[in-house]
There are 2 protein chains.
Amino acid sequence: MGITKTDTYTDQTLAVASIFKALGHPARIAILEFLAKQTSCICGEIVAELPLSQASISRHLVELKAAGLIQGTISGTSVCYCINETHFPLINTFIQQLQTPTNQSCCS
Amino acid sequence: MGITKTDTYTDQTLAVASIFKALGHPARIAILEFLAKQTSCICGEIVAELPLSQASISRHLVELKAAGLIQGTISGTSVCYCINETHFPLINTFIQQLQTPTNQSCCS
DNA sequence: TAACTATATCGCAATATTACGATGAATAAT
DNA sequence: ATTATTCATCGTAATATTGCGATATAGTTA
(Lines give C-alpha, C1' and ligand atoms only; values in the text may rest on other atoms or scores of the structure.)
Protein backbone atom coordinates (compact mmCIF):
# COMPACT_ATOMS: atom_id res chain seq x y z
CA MET A 1 0.00 0.00 0.00
CA GLY A 2 2.98 2.27 0.45
CA ILE A 3 1.28 3.50 3.59
CA THR A 4 2.74 3.12 7.03
CA LYS A 5 0.82 2.33 10.18
CA THR A 6 2.01 5.24 12.27
CA ASP A 7 -0.70 4.98 14.90
CA THR A 8 0.68 2.03 16.75
CA TYR A 9 4.32 2.92 17.21
CA THR A 10 5.72 5.01 20.01
CA ASP A 11 6.60 8.63 19.33
CA GLN A 12 10.20 7.76 19.98
CA THR A 13 10.17 5.01 17.36
CA LEU A 14 8.47 7.26 14.82
CA ALA A 15 10.93 10.07 15.49
CA VAL A 16 13.97 7.87 15.06
CA ALA A 17 12.55 6.29 11.91
CA SER A 18 11.78 9.65 10.32
CA ILE A 19 15.31 10.90 10.90
CA PHE A 20 16.77 7.77 9.38
CA LYS A 21 14.33 7.99 6.51
CA ALA A 22 15.58 11.47 5.69
CA LEU A 23 19.11 10.06 5.71
CA GLY A 24 18.09 7.16 3.48
CA HIS A 25 18.89 8.68 0.11
CA PRO A 26 22.33 9.09 -1.45
CA ALA A 27 21.57 12.62 -2.65
CA ARG A 28 20.78 13.71 0.89
CA ILE A 29 23.85 11.96 2.25
CA ALA A 30 25.92 13.71 -0.42
CA ILE A 31 24.37 17.05 0.50
CA LEU A 32 25.23 16.57 4.16
CA GLU A 33 28.77 15.46 3.30
CA PHE A 34 29.12 18.54 1.13
CA LEU A 35 27.83 20.86 3.83
CA ALA A 36 30.17 19.28 6.36
CA LYS A 37 33.28 20.10 4.37
CA GLN A 38 32.25 23.64 3.47
CA THR A 39 32.73 26.77 5.43
CA SER A 40 30.18 28.55 3.30
CA CYS A 41 27.07 26.72 2.22
CA ILE A 42 24.93 28.20 -0.51
CA CYS A 43 22.32 26.10 -2.27
CA GLY A 44 23.69 26.99 -5.70
CA GLU A 45 26.99 25.34 -4.92
CA ILE A 46 25.20 22.13 -4.02
CA VAL A 47 23.41 22.18 -7.35
CA ALA A 48 26.75 22.51 -9.12
CA GLU A 49 28.20 19.66 -7.10
CA LEU A 50 25.47 17.04 -7.42
CA PRO A 51 24.07 15.37 -10.53
CA LEU A 52 20.56 16.66 -9.94
CA SER A 53 18.49 19.55 -11.11
CA GLN A 54 17.96 22.63 -8.97
CA ALA A 55 14.37 21.57 -8.37
CA SER A 56 15.40 18.15 -7.10
CA ILE A 57 18.09 19.54 -4.83
CA SER A 58 15.60 21.98 -3.40
CA ARG A 59 13.21 19.16 -2.62
CA HIS A 60 15.90 17.19 -0.85
CA LEU A 61 16.86 20.26 1.14
CA VAL A 62 13.25 20.67 2.22
CA GLU A 63 13.21 17.08 3.43
CA LEU A 64 16.44 17.46 5.34
CA LYS A 65 15.12 20.64 6.90
CA ALA A 66 11.80 19.01 7.81
CA ALA A 67 13.73 16.24 9.53
CA GLY A 68 15.69 18.82 11.49
CA LEU A 69 19.00 17.77 9.98
CA ILE A 70 19.84 21.13 8.43
CA GLN A 71 19.10 24.77 9.06
CA GLY A 72 18.56 27.41 6.42
CA THR A 73 18.97 31.12 6.86
CA ILE A 74 18.22 33.63 4.15
CA SER A 75 21.23 35.58 3.02
CA GLY A 76 20.30 38.04 0.32
CA THR A 77 19.00 36.24 -2.73
CA SER A 78 20.54 33.00 -1.65
CA VAL A 79 19.95 30.75 1.32
CA CYS A 80 22.66 29.52 3.62
CA TYR A 81 22.13 25.92 4.60
CA CYS A 82 24.14 24.20 7.27
CA ILE A 83 24.02 21.13 9.41
CA ASN A 84 21.82 21.01 12.48
CA GLU A 85 23.25 18.62 15.02
CA THR A 86 20.21 18.65 17.29
CA HIS A 87 19.09 15.12 16.56
CA PHE A 88 22.50 13.49 16.46
CA PRO A 89 22.30 12.37 20.10
CA LEU A 90 19.04 10.61 19.30
CA ILE A 91 20.77 8.62 16.56
CA ASN A 92 23.74 7.80 18.75
CA THR A 93 21.51 6.72 21.61
CA PHE A 94 19.50 4.47 19.34
CA ILE A 95 22.59 2.75 17.97
CA GLN A 96 23.95 2.32 21.48
CA GLN A 97 20.70 0.74 22.63
CA LEU A 98 21.11 -1.90 19.95
CA GLN A 99 24.53 -2.76 21.32
CA THR A 100 23.42 -4.20 24.63
CA PRO A 101 25.35 -7.31 25.67
CA THR A 102 22.21 -9.47 25.63
CA ASN A 103 22.45 -9.69 21.87
CA GLN A 104 25.61 -11.73 22.11
CA SER A 105 23.66 -14.66 23.52
CA CYS A 106 22.32 -16.02 20.23
CA CYS A 107 23.14 -16.32 16.52
CA SER A 108 26.74 -17.04 17.38
CA MET B 1 10.48 9.30 -10.99
CA GLY B 2 10.96 7.32 -7.82
CA ILE B 3 14.25 6.24 -9.29
CA THR B 4 17.55 7.21 -7.82
CA LYS B 5 20.65 8.13 -9.79
CA THR B 6 22.99 5.66 -8.18
CA ASP B 7 25.66 5.92 -10.85
CA THR B 8 27.05 9.23 -9.79
CA TYR B 9 27.50 8.81 -6.07
CA THR B 10 30.48 7.25 -4.37
CA ASP B 11 30.22 3.70 -3.08
CA GLN B 12 30.64 5.04 0.42
CA THR B 13 27.71 7.43 -0.01
CA LEU B 14 25.52 4.70 -1.46
CA ALA B 15 26.44 2.29 1.33
CA VAL B 16 25.64 4.77 4.08
CA ALA B 17 22.37 5.77 2.42
CA SER B 18 21.22 2.17 2.03
CA ILE B 19 21.83 1.42 5.69
CA PHE B 20 19.90 4.50 6.74
CA LYS B 21 17.17 3.62 4.28
CA ALA B 22 16.73 0.25 5.94
CA LEU B 23 16.44 2.07 9.26
CA GLY B 24 13.92 4.54 7.86
CA HIS B 25 10.73 2.74 8.76
CA PRO B 26 9.10 2.55 12.19
CA ALA B 27 8.36 -1.16 11.85
CA ARG B 28 12.02 -1.91 11.27
CA ILE B 29 13.06 0.36 14.13
CA ALA B 30 10.56 -1.43 16.35
CA ILE B 31 11.90 -4.80 15.25
CA LEU B 32 15.44 -3.80 16.13
CA GLU B 33 14.34 -2.37 19.47
CA PHE B 34 12.53 -5.61 20.19
CA LEU B 35 15.53 -7.73 19.24
CA ALA B 36 17.77 -5.59 21.41
CA LYS B 37 15.78 -6.22 24.55
CA GLN B 38 15.36 -9.96 23.99
CA THR B 39 17.68 -12.75 24.92
CA SER B 40 15.85 -15.07 22.57
CA CYS B 41 14.79 -13.82 19.18
CA ILE B 42 12.25 -15.82 17.23
CA CYS B 43 10.37 -14.32 14.34
CA GLY B 44 6.98 -15.40 15.61
CA GLU B 45 7.39 -13.29 18.72
CA ILE B 46 7.98 -10.24 16.58
CA VAL B 47 4.72 -10.85 14.75
CA ALA B 48 2.90 -10.97 18.07
CA GLU B 49 4.52 -7.74 19.18
CA LEU B 50 3.99 -5.56 16.13
CA PRO B 51 0.75 -4.45 14.48
CA LEU B 52 1.60 -6.06 11.16
CA SER B 53 0.85 -9.31 9.42
CA GLN B 54 3.33 -12.14 9.36
CA ALA B 55 3.97 -11.48 5.67
CA SER B 56 4.78 -7.84 6.27
CA ILE B 57 7.10 -8.61 9.17
CA SER B 58 8.88 -11.16 7.05
CA ARG B 59 9.47 -8.61 4.34
CA HIS B 60 10.87 -6.10 6.82
CA LEU B 61 13.15 -8.78 8.20
CA VAL B 62 14.40 -9.51 4.68
CA GLU B 63 15.19 -5.83 4.22
CA LEU B 64 17.01 -5.59 7.52
CA LYS B 65 18.97 -8.70 6.65
CA ALA B 66 19.82 -7.39 3.16
CA ALA B 67 21.14 -4.23 4.77
CA GLY B 68 23.29 -6.30 7.08
CA LEU B 69 21.56 -5.05 10.21
CA ILE B 70 20.37 -8.44 11.43
CA GLN B 71 21.40 -12.05 11.14
CA GLY B 72 19.09 -15.01 10.85
CA THR B 73 19.88 -18.60 11.65
CA ILE B 74 17.50 -21.47 11.11
CA SER B 75 16.46 -23.22 14.27
CA GLY B 76 14.07 -26.06 13.53
CA THR B 77 10.85 -24.69 12.09
CA SER B 78 11.58 -21.22 13.34
CA VAL B 79 14.31 -18.74 12.53
CA CYS B 80 16.44 -16.97 15.11
CA TYR B 81 17.00 -13.35 14.23
CA CYS B 82 19.40 -11.10 16.05
CA ILE B 83 21.20 -7.82 15.59
CA ASN B 84 24.31 -7.60 13.47
CA GLU B 85 26.50 -4.75 14.63
CA THR B 86 28.87 -4.88 11.66
CA HIS B 87 27.78 -1.61 10.10
CA PHE B 88 27.36 0.39 13.29
CA PRO B 89 30.85 1.91 13.02
CA LEU B 90 29.97 3.17 9.54
CA ILE B 91 26.96 4.99 10.96
CA ASN B 92 28.93 6.42 13.85
CA THR B 93 31.72 7.58 11.56
CA PHE B 94 29.28 9.30 9.25
CA ILE B 95 27.61 11.18 12.07
CA GLN B 96 30.98 12.18 13.45
CA GLN B 97 32.05 13.51 10.05
CA LEU B 98 29.07 15.84 10.10
CA GLN B 99 30.21 17.27 13.40
CA THR B 100 33.35 18.98 12.19
CA PRO B 101 33.93 22.38 13.79
CA THR B 102 33.72 24.19 10.44
CA ASN B 103 29.95 23.95 10.60
CA GLN B 104 29.83 26.35 13.47
CA SER B 105 30.93 29.20 11.21
CA CYS B 106 27.56 30.00 9.64
CA CYS B 107 23.80 29.86 10.35
CA SER B 108 24.44 31.06 13.87
C1' DT C 1 10.23 50.05 -13.04
C1' DA C 2 12.51 46.35 -15.37
C1' DA C 3 15.70 42.88 -15.82
C1' DC C 4 18.54 39.56 -13.32
C1' DT C 5 19.64 36.02 -9.88
C1' DA C 6 18.58 32.48 -6.60
C1' DT C 7 15.57 29.37 -4.51
C1' DA C 8 10.89 27.31 -3.93
C1' DT C 9 6.84 25.19 -5.66
C1' DC C 10 3.72 22.94 -9.06
C1' DG C 11 2.40 19.30 -12.08
C1' DC C 12 3.44 15.34 -14.19
C1' DA C 13 5.38 10.69 -15.13
C1' DA C 14 7.92 6.83 -13.64
C1' DT C 15 9.43 3.90 -10.14
C1' DA C 16 9.58 2.28 -5.26
C1' DT C 17 7.55 1.02 -1.00
C1' DT C 18 4.19 -0.89 1.99
C1' DA C 19 0.70 -4.03 3.39
C1' DC C 20 -2.04 -8.10 3.21
C1' DG C 21 -4.24 -12.45 1.85
C1' DA C 22 -3.13 -16.54 -0.24
C1' DT C 23 0.00 -19.90 -1.12
C1' DG C 24 4.41 -22.49 -0.87
C1' DA C 25 8.17 -24.95 1.47
C1' DA C 26 10.20 -27.20 5.20
C1' DT C 27 10.40 -29.17 9.64
C1' DA C 28 8.01 -31.21 13.72
C1' DA C 29 4.53 -33.78 15.97
C1' DT C 30 0.87 -37.12 16.20
C1' DA D 1 1.42 -40.43 6.14
C1' DT D 2 -1.17 -36.68 7.81
C1' DT D 3 -1.50 -32.66 10.12
C1' DA D 4 0.20 -28.61 12.32
C1' DT D 5 3.49 -24.99 12.77
C1' DT D 6 6.60 -21.54 11.12
C1' DC D 7 8.47 -18.56 8.01
C1' DA D 8 9.14 -17.09 2.98
C1' DT D 9 7.30 -15.69 -1.34
C1' DC D 10 3.82 -14.29 -4.80
C1' DG D 11 0.38 -11.30 -6.56
C1' DT D 12 -2.13 -7.34 -6.07
C1' DA D 13 -3.64 -2.72 -4.71
C1' DA D 14 -2.72 1.60 -2.70
C1' DT D 15 0.32 5.16 -1.52
C1' DA D 16 5.00 7.40 -1.43
C1' DT D 17 9.15 8.92 -3.48
C1' DT D 18 12.02 10.74 -7.00
C1' DG D 19 13.19 13.65 -10.77
C1' DC D 20 12.59 17.30 -13.99
C1' DG D 21 10.73 21.14 -16.70
C1' DA D 22 8.10 25.01 -16.09
C1' DT D 23 6.75 28.53 -13.33
C1' DA D 24 6.36 31.36 -9.18
C1' DT D 25 8.43 34.14 -5.62
C1' DA D 26 11.58 37.23 -3.63
C1' DG D 27 15.54 39.98 -3.25
C1' DT D 28 19.12 42.63 -6.02
C1' DT D 29 20.73 45.57 -9.40
C1' DA D 30 20.74 48.75 -13.03
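Labels below follow one simple rule: chain letters A, B, ... track the order of the sequence lines, proteins then strands, and each chain is numbered from 1.
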Colleague: Taking only residues two or more places apart in sequence or in another chain, which ones pass side chain to side chain contact (heavy atoms under 4.5 Å, CB included) with A:S58?
Modeller: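 For A:S58, the residues satisfying side chain to side chain contact (heavy atoms under 4.5 Å, CB included) (neighbours in sequence not counted) are A:Q54.
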Colleague: Output the rounded distance in Å from CG (A:L23) to P (D:dT17).
Modeller: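 Atom-to-atom, A:L23 to D:dT17, this comes out as 15 Å.
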Colleague: What protein N or O atoms touch nucleotides 3-8 of chain D N or O atoms at under 3.5 angstrom, if any, and at what distances?
Modeller:
unit_1 : atom_1 : unit_2 : atom_2 : d
D:dC7  : OP1    : B:C43  : N      : 3.4
D:dC7  : OP1    : B:G44  : N      : 3.3
D:dC7  : OP2    : B:G44  : N      : 3.0
D:dA8  : OP1    : B:Y81  : OH     : 2.3
D:dA8  : OP2    : B:S58  : OG     : 2.8
D:dA8  : N7     : B:Q54  : NE2    : 2.9
D:dA8  : N6     : B:Q54  : OE1    : 3.0

Colleague: Quick check on C:dA19: is either OP1 or OP2 less than 4.0 Å from any side-chain nitrogen or oxygen of B:H25?
Modeller: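 For C:dA19, OP1/OP2 do have a side-chain N/O of B:H25 under 4.0 Å.
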Colleague: Rounding to a whole Å, what distance do you find between A:I74:CD1 and D:dT25:P?
Modeller: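 From A:I74 CD1 to D:dT25 P: 16 Å.
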Colleague: Just to verify, what does B:T13 make a side chain to side chain donor-acceptor pair (under 3.5 Å) with, not counting sequence neighbours?
Modeller: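 Applying side chain to side chain donor-acceptor pair (under 3.5 Å) to B:T13 gives A:E33, B:T10.
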Colleague: So, B:N84 side chain and B:Q71 main chain: donor-acceptor pair closer than 3.5 Å or not?
Modeller: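 Here the side-chain-to-backbone pair does not exist.
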Colleague: Please list all pairs meeting salt bridge (Lys or Arg N to Asp or Glu O under 4.0 Å) that have one or both residues in residues 74-83 of chain A, counting only residues at least two apart or in different chains.
Modeller: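 Passing the test, one end in residues 74-83 of chain A: no pairs.
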Colleague: Output yes when at least one side-chain N/O atom of A:K21 is less than 4.0 Å from OP1 or OP2 of C:dT17, else no.
Modeller: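 Negative; the distance criterion is not met.
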Colleague: Kindly state each residue pair satisfying salt bridge (Lys or Arg N to Asp or Glu O under 4.0 Å) with at least one member in residues 90-99 of chain B, sequence neighbours excluded.
Modeller: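 Every candidate salt bridge (Lys or Arg N to Asp or Glu O under 4.0 Å) pair involving residues 90-99 of chain B fails, so no pair, neighbours aside, qualifies.
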Colleague: Sequence neighbours excluded, which residues qualify as salt bridge (charged side-chain N to carboxylate O under 4.0 Å, His left out) partners of A:E63?
Modeller: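 Applying salt bridge (charged side-chain N to carboxylate O under 4.0 Å, His left out) to A:E63 gives A:R28.
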Colleague: Under 4.0 Å between a side-chain N/O of A:H60 and OP1 or OP2 of D:dG19, yes or no?
Modeller: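 Checking D:dG19 against A:H60, a side-chain N or O does come within under 4.0 Å of OP1 or OP2.
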